[in-house]
Enquirer: 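Following this message is one structure expressed as structure tokens.
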Amino acid sequence: MNDRQITLRFMAAPTDVATIGGGVRGGRILEWVDKAAYACAAAWSGGYSVTAYVGNTSFGRDIASGDLVEVTATLIHTGRTSMHIECEVRSADPRVGTFTHASRCLLVFVAVDESGTPAPVRQWVPMRAEDVARDGFACDRSEIRSRITTAMAGADYSGTTAAQEASTRFLAAPTDVNWGGKAHGGRVMGWIDDAAYLCAVRWWSGEAVTVYMGGVRFYRPIHIGQVVDVSARLIHTGRQTMHVAVHVYAHWPREGAHTRLLAAHGLTVLAALDTIGDATDVLPWAPQLPKDVALDLHARELIAIRGRRSPATEHRMVEI
């Protein structure tokens, strides 16, 4: 560990594994990623930081129960109050100890003071060629992130829909708390992944696995004890994939659901799996209603902005 890089290690347990698929859930991996990135941000800023954005997350290989997982978080760019942190996830059979790449993503944290106001962070100036390249990558992703954010902000989810939907509702529990007393970003991403999975398997009527999560933006904190509503909606299908938009809302129980506010929003792409765990063709979604057609076009726009990716697993290759 140094002030701009830290590696945390976790043991994948049976409770981390997907219900049927056999690999660790994408949401659990993102919880580990968020913890490592927070530790890196806190070390650099010397104070409390909050997750502002998570993007460009591809899950390239299954992590099995019993594997040793390490997440290396590295600061690669600073803004006035923000820290851009790249995380690489690797795993190994602990009996062998050979780590191989499983996933990579970029997170943006914002330093805040005691009142929750964004606070300036010390600036990092890259000197080595490798660091200059990674800083440039962060700047490039900032431009893409801005385009994705604008596109997602303009999407309209109101009105009548015939799309597959799924929702969950629960209380934010003390076990979800972060070091600032609120639900931590990794836990929120786990909720997003769970709702997206529920929506996808209802549409597909079979097993599915998360292959990509992106455009995850955090709008406001979720407090322990609040009611959390997570709404997932199918907006597009590829040949083997289901693109699911997820919104997370929160409100105090005593104030009623009419006071709920948007806390987070993200897009999850899941691949349909056959009975032996290989990617397979999925039932296509052919939207007919105007709002559904518009969201299908919105999903296609996001694909074009971020560029097609082909995350591989040990047994499957998926185009998203």
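These numbers come from the heavy atoms of this one structure, side chains and all, not from hydrogens, waters or symmetry mates.
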Enquirer: Is the closest side-chain heavy-atom distance between Val228 and Trp191 below 4.5 Å?
Expert: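 Yes; the side chains approach each other to less than 4.5 Å.
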
Enquirer: Do you know the tightest heavy-atom contact between Cys105 and Thr57?
Expert: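 Heavy atoms of Cys105 and Thr57 come nearest at CB-OG1, 3.1 Å.
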
Enquirer: Of the non-hydrogen atoms in Ala64 and Ala12, which two are nearest, and what is the gap between them?
Expert: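 In this case the closest contact between Ala64 and Ala12 is O-CB, 3.5 Å.
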
Enquirer: Atom CG in Leu261, atom CD1 in Ile222: separation rounded to 0.5 Å?
Expert: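 It is 11.0 Å, given to the nearest 0.5 Å.
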
Enquirer: Main chain of Arg95, side chain of Asp93: is a donor-acceptor contact present, judged purely on distance under 3.5 Å?
Expert: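 Between the backbone of Arg95 and the side chain of Asp93 there is a qualifying donor-acceptor contact (under 3.5 Å).
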
Enquirer: Surrounding CD of Glu143 (heavy atoms of other residues, nucleotides or ligands, distance under 6.0 Å), is the total greater than 12?
Expert: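 For Glu143, atom CD is not crowded (no more than 12 foreign heavy atoms under 6.0 Å).
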
Enquirer: Do Thr168 side-chain atoms and Ala195 backbone N/O form a donor-acceptor pair below 3.5 Å?
Expert: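 Absent.
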
Enquirer: Are Lys35 and Glu31 ion-paired here, with the side-chain N under 4.0 Å from a carboxylate O?
Expert: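 Salt bridge flag = no for Glu31 with Lys35.
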
Enquirer: So Glu70 and Glu88, do their side chains get closer than 4.5 Å, heavy atoms only?
Expert: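 No, too far: nothing below the 4.5 Å cut-off.
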
Enquirer: Can you find a heavy atom in the side chain of Met242 that is under 4.5 Å from one in the side chain of Val201?
Expert: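 Side-chain contact under 4.5 Å: no.
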
Enquirer: Passes side-chain contact (heavy atoms from CB on, under 4.5 Å), Val50 versus Phe218? Steps please.
Expert: CA-CA 9 Å; Val50 296; Phe218 299 86; over 6 Å; no

Enquirer: Check for me, please, whether Ile235 and Ile305 land in the same ILVMFWY cluster - side-chain distances under 4.5 Å, paths through other members count.
Expert: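 Linked, Ile235 and Ile305 end up in one cluster.
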
Enquirer: Output all residues satisfying salt bridge (Lys or Arg N to Asp or Glu O under 4.0 Å) with Arg202, sequence neighbours left out; order by chain, then residue number.
Expert: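 In terms of salt bridge (Lys or Arg N to Asp or Glu O under 4.0 Å), with neighbours along the sequence ignored, Arg202 is linked to no residue.
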
Enquirer: Mind telling me whether His247 and His265 have parallel, tilted or perpendicular rings, with 30° and 60° as the class edges?
Expert: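 Correct class here is parallel.
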
Enquirer: I'd like to check Val246 versus Cys199 (side-chain heavy atoms, cut-off strictly below 4.5 Å). Are they in contact?
Expert: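 No; the side chains remain at least 4.5 Å from each other.
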
Enquirer: Given Ser167 and Ser231, is the side chain to side chain donor-acceptor pair (under 3.5 Å) satisfied, shown in steps?
Expert: CA-CA 4 Å; Ser167 62; Ser231 300; 5.6 Å; no

Enquirer: Look up atom CD1 in Ile63 and atom CZ in Arg28, then write down how far apart they are to the nearest 0.5 Å.
Expert: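 Taking CD1 in Ile63 and CZ in Arg28, the distance rounds to 12.0 Å.
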
Enquirer: Would you say the side chains of Asp34 and Thr51 form a donor-acceptor pair under 3.5 Å?
Expert: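 Indeed, the side chains of Asp34 and Thr51 share at least one donor-acceptor pair under 3.5 Å.
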
Enquirer: Between Trp44 and Phe109, is the ring centroid distance below 6.0 Å?
Expert: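 So the answer is no for these two rings.
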
Enquirer: How about His243 and Ile303: do any of their side-chain heavy atoms sit closer than 4.5 Å?
Expert: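 Yes, at least one pair of side-chain atoms sits under 4.5 Å.
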
Enquirer: Examine distances only and state if a side-chain atom of Glu165 and a backbone atom of Leu234 form a donor-acceptor pair shorter than 3.5 Å.
Expert: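 No; zero donor-acceptor contacts below 3.5 Å.
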
Enquirer: Using the rule that two of Ile, Leu, Val, Met, Phe, Trp, Tyr join whenever any of their side-chain heavy atoms come within less than 4.5 Å, decide whether Val216 and Tyr53 are in one cluster.
Expert: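 Per the 4.5 Å side-chain linkage, Val216 and Tyr53 are not co-clustered.
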
Enquirer: Just checking Arg169: does its CZ atom have more than 12 heavy atoms from other residues, nucleotides or ligands closer to it than 6.0 angstrom?
Expert: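 No, the 6.0 Å shell around CZ holds no more than 12 heavy atoms from other groups.
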
Enquirer: If I take atom NE2 from residue His223 and atom NE2 from residue His251, how far apart are they, to the nearest 0.5 angstrom?
Expert: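 Taking NE2 in His223 and NE2 in His251, the distance rounds to 13.5 Å.
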
Enquirer: With sequence neighbours left out, write down each residue that passes ring-ring contact (aromatic ring centres under 6.0 Å, His included) with Tyr219, or none if nothing qualifies.
Expert: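 Partners of Tyr219 by the ring-ring contact (aromatic ring centres under 6.0 Å, His included) criterion come out as none, since no residue qualifies.
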
Enquirer: Membership question, hydrophobic clusters at under 4.5 Å side-chain separation (ILVMFWY): are Leu8 and Leu107 in the same one?
Expert: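 Yes; Leu8 is reachable from Leu107 via cluster members.
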
Enquirer: Stepwise, does the side-chain contact (heavy atoms from CB on, under 4.5 Å) test hold for Tyr157 with His298?
Expert: CA-CA 11 Å; Tyr157 289 85; His298 165 62; 4.0 Å; yes

Enquirer: Between Thr117 and Asp113 (side chain of the first, backbone of the second, donor and acceptor by atom type, cut-off under 3.5 Å), is there such a pair?
Expert: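 A pair under 3.5 Å: no.
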
Enquirer: Nearest 0.5 Å please: distance from the CZ atom of Arg134 over to the CG atom of Leu75.
Expert: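 Rounded to the nearest 0.5 Å, the CZ-CG separation comes out at 9.5 Å.
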
Enquirer: Can you tell whether the side chains of Arg128 and Asp135 come within less than 4.0 Å, N to carboxylate O?
Expert: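 A salt bridge is absent here (no side-chain N lies under 4.0 Å from a carboxylate O).
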
Enquirer: With a 4.0 Å cut-off on N to O distance, would you call Arg25 and Asp193 a salt bridge?
Expert: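 Not counted as a salt bridge, because no side-chain N and carboxylate O are separated by less than 4.0 Å.
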
Enquirer: In Å and rounded to the nearest 0.5 Å, what is the CD1 to OG1 distance from Ile85 to Thr78?
Expert: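 Taking CD1 in Ile85 and OG1 in Thr78, the distance rounds to 11.0 Å.
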
Enquirer: Between Phe170 and Trp252, is there shared hydrophobic-cluster membership here, with clusters defined by ILVMFWY side-chain heavy atoms closer than 4.5 Å?
Expert: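 No.
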
Enquirer: So which atom in Ala196 and which in Leu270 form the shortest heavy-atom distance, rounded to 0.1 Å?
Expert: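 Looks like O-CD1, 3.8 Å.
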
Enquirer: My understanding is that only residues two or more places apart in sequence, or in another chain, count here; which of them pass ring-ring contact (aromatic ring centres under 6.0 Å, His included) with Trp203?
Expert: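 Listed in chain order: Trp285.
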
Enquirer: Using every non-hydrogen atom in the two residues, find where Val132 and Pro126 come nearest and quote the distance to one decimal.
Expert: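 Smallest interatomic distance, heavy atoms only, reads N-CB, 3.8 Å.
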
Enquirer: Should Ile29 and Met213 count as side-chain neighbours, where that means a heavy-atom distance under 4.5 Å?
Expert: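 SC-SC contact between Ile29 and Met213 ruled out.
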
Enquirer: Using modelled atom types only, decide if a donor and an acceptor are shared between the side chain of Thr280 and the backbone of Leu273 within a distance under 3.5 Å.
Expert: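 Side chain of Thr280 to backbone of Leu273: no pair is present.
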
Enquirer: With a 3.5 Å distance limit and no angle check, can you tell me whether Asp194 reaches the backbone of Gly27 through a side-chain donor-acceptor pair?
Expert: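 Flag not set: sc Asp194 to bb Gly27 has no pair under 3.5 Å.
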
Enquirer: Might you work through the side-chain contact (heavy atoms from CB on, under 4.5 Å) test for Trp124 and Arg4, ending with a clear yes or no?
Expert: CA-CA 9 Å; Trp124 179 63; Arg4 58 174 290 263; 3.4 Å; yes

Enquirer: Treating Arg220 as the side-chain partner and Leu262 as the backbone partner, does any N or O pair qualify as donor plus acceptor under 3.5 Å?
Expert: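 Yes, the answer is positive, given that a donor and an acceptor are paired below the 3.5 Å cut-off.
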
Enquirer: Is there a side-chain contact between Thr149 and Arg145, using heavy atoms and a 4.5 Å cut-off?
Expert: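 Touching, per the 4.5 Å side-chain cut-off.
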
Enquirer: Taking it one step at a time, do Val24 and Phe10 satisfy side-chain contact (heavy atoms from CB on, under 4.5 Å)?
Expert: CA-CA 12 Å; Val24 173; Phe10 308 87; over 6 Å; no

Enquirer: Do Leu106 and Ile148 share a hydrophobic cluster (ILVMFWY, side-chain heavy atoms under 4.5 Å, transitive)?
Expert: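 Leu106 and Ile148: separate clusters.
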
Enquirer: Checking His184 side chain against Arg187 main chain: does a donor-acceptor pair fall under 3.5 Å?
Expert: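 Yes: the side chain of His184 pairs with the backbone of Arg187.
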
Enquirer: Sub-3.5 Å donor-acceptor pair from the side chain of Gln5 to the main-chain atoms of Asp3, do we have one?
Expert: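 No; zero donor-acceptor contacts below 3.5 Å.
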
Enquirer: Taking the side chain as every heavy atom from C-beta outward, state whether Arg141 and Glu86 have any pair of such atoms under 4.5 Å apart.
Expert: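 No, side chains not in contact.
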
Enquirer: Can you tell which of Thr161, Thr160, Asp156 makes a side-chain hydrogen bond (donor to acceptor under 3.5 Å, both in side chains) with Lys291?
Expert: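 Of all the options given, the one that passes is Asp156.
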
Enquirer: Under 3.5 Å, is there a donor-acceptor pair between the side chain of Ser142 and the main chain of Ala138?
Expert: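 Judged by distance alone, yes, a pair lies under 3.5 Å.
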
